[in-house]
Amino acid sequence: QVDVTAMARLFGYVDVTETTFIAAVLSIAFNPLFWNVVARWEHKTRALSRVFGSPRAACYCLGAVILMLNCVRSHCFTEAMKSQPKLEGLDCHWAYYSGLAILAVGTLFVISSFLALGFTGTFLGDYFGILMEAKVTSFPFSVLDNPMYWGSTAVYLGWSLM
């Protein structure tokens, strides 16, 4: 016998049939799938580099597409959060300011990662043959192995709490 009371309680707080929730889940799943498939395809075929005339131009274009998809993902996430039931215990100042602090730390990790890696380092330049001169070991990579992922996760967690 499996105890499903915890899952039943969770579904009391999350409406998985809400269209904004479904859109958010799909966009969250689609984005990394898309950029990994495209980057691996580019690495094998160099097709984007040929179409755009250079690996750098192709990487910048893919980066722009990734940024646009991230805007769509953030919008879908925000709309899903607005339409979901709220926990009464989190409707207070401490939860809001805790969320704000977590969001700020996440933003620090994301922005400092971007500054350390640069545009092509952040947006899959290695798949286009654009390699860094050396491994980045400065902050935030000196603190976390994957600061961009952890930072992004913290941003969405903080946003959820707020």
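Quantities reported herein were computed from a predicted structural model and do not represent experimental measurements.
Scanning all heavy atoms of the two residues, the minimum distance from Cys76 to Ser27 falls at CB-OG, 3.8 Å. Closest approach of Ser142 to Thr137, counting heavy atoms only: CB-O, 3.3 Å. Of all the heavy atoms in Ile22 and Val16, the pair that sits closest is CG1-O, 3.5 Å. Nearest heavy atoms, Asn31 versus Leu69: ND2-O, 3.2 Å. What you find for Ala154 and Gly106 is that their closest heavy atoms are CB-CA, 3.7 Å. Across Gly125 and Cys59, no two heavy atoms sit closer than the pair CA-SG, 3.7 Å.
Cluster membership for Ile28 and Met81, using ILVMFWY side-chain heavy atoms within less than 4.5 angstrom, is shared. Note on Tyr97 and Leu103: same hydrophobic cluster, where clusters join Ile, Leu, Val, Met, Phe, Trp and Tyr whose side-chain heavy atoms are under 4.5 Å apart, directly or indirectly. The cluster map of Ile, Leu, Val, Met, Phe, Trp and Tyr, joined by side-chain heavy atoms under 4.5 Å apart, puts Phe77 and Met68 in different clusters. Taking hydrophobic clusters as Ile, Leu, Val, Met, Phe, Trp and Tyr residues chained together by side-chain heavy-atom distances below 4.5 Å, Phe114 shares a cluster with Val65. Using a 4.5 Å cut-off between side-chain heavy atoms of Ile, Leu, Val, Met, Phe, Trp and Tyr, with links allowed through other members, Val51 and Ile130 fall into the same hydrophobic cluster.
Leu67 CG to Thr122 OG1: the interatomic distance, rounded to the nearest 0.5 Å, is 9.5 Å. We find the CE-CG distance between Met148 and Leu117 to be 6.0 Å, quoted to the nearest 0.5 Å. Atoms CG and CZ, on Leu62 and Phe34 in that order, are 6.0 Å from each other to the nearest 0.5 Å. Here the CZ atom belonging to Arg73 is positioned 10.5 Å from the CD1 atom belonging to Ile66, to the nearest 0.5 angstrom. Taken to the nearest 0.5 Å, the CZ atom of Phe109 stands 12.0 Å off from the OG1 atom of Thr153. Between the CG atom in Leu33 and the CG atom in Asn36 there is a gap of 7.5 Å [rounded to 0.5 Å].
A donor-acceptor pair shorter than 3.5 Å can be found between the side chains of Ser74 and Tyr156.
Looking at Phe52 and Phe128, their side chains never come closer than 4.5 Å, going by heavy atoms from C-beta outward. Side-chain contact check for Tyr127 versus Arg40: some heavy-atom pair is nearer than 4.5 Å. In this structure, the side chains of Phe139 and Leu108 come closer than 4.5 Å at one or more pairs of heavy atoms. Between Asp91 and Lys86, every side-chain heavy-atom pair lies at or beyond the 4.5 Å cut-off. Thr20 places a side-chain heavy atom less than 4.5 Å from the side chain of Ser83.
Panel note: side chain Arg50, backbone Thr45; a donor-acceptor pair is recorded below 3.5 Å. Between the side chain of Glu42 and the backbone N or O of Leu48 there is at least one donor-acceptor pair closer than 3.5 Å. Looking at Gln84, its side chain does come within 3.5 Å of a backbone N or O of Asp15 through a donor-acceptor pair.
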Original post:
Can you list the steps and then say if Thr78 with Trp159 is a side-chain contact (heavy atoms from CB on, under 4.5 Å)?
Top reply: CA-CA 8 Å; Thr78 301; Trp159 205 338; 2.9 Å; yes

**OP:** Go through Val14 and Phe21 one step at a time and tell me if the side-chain contact (heavy atoms from CB on, under 4.5 Å) criterion holds.
**Re:** CA-CA 9 Å; Val14 179; Phe21 179 84; 3.6 Å; yes

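For Tyr149, the OH atom is loosely surrounded, since the number of other residues' heavy atoms within 6.0 Å does not exceed 12. Atom CH2 of Trp150 has 12 or fewer neighbouring heavy atoms from other residues, nucleotides or ligands inside a 6.0 Å radius.
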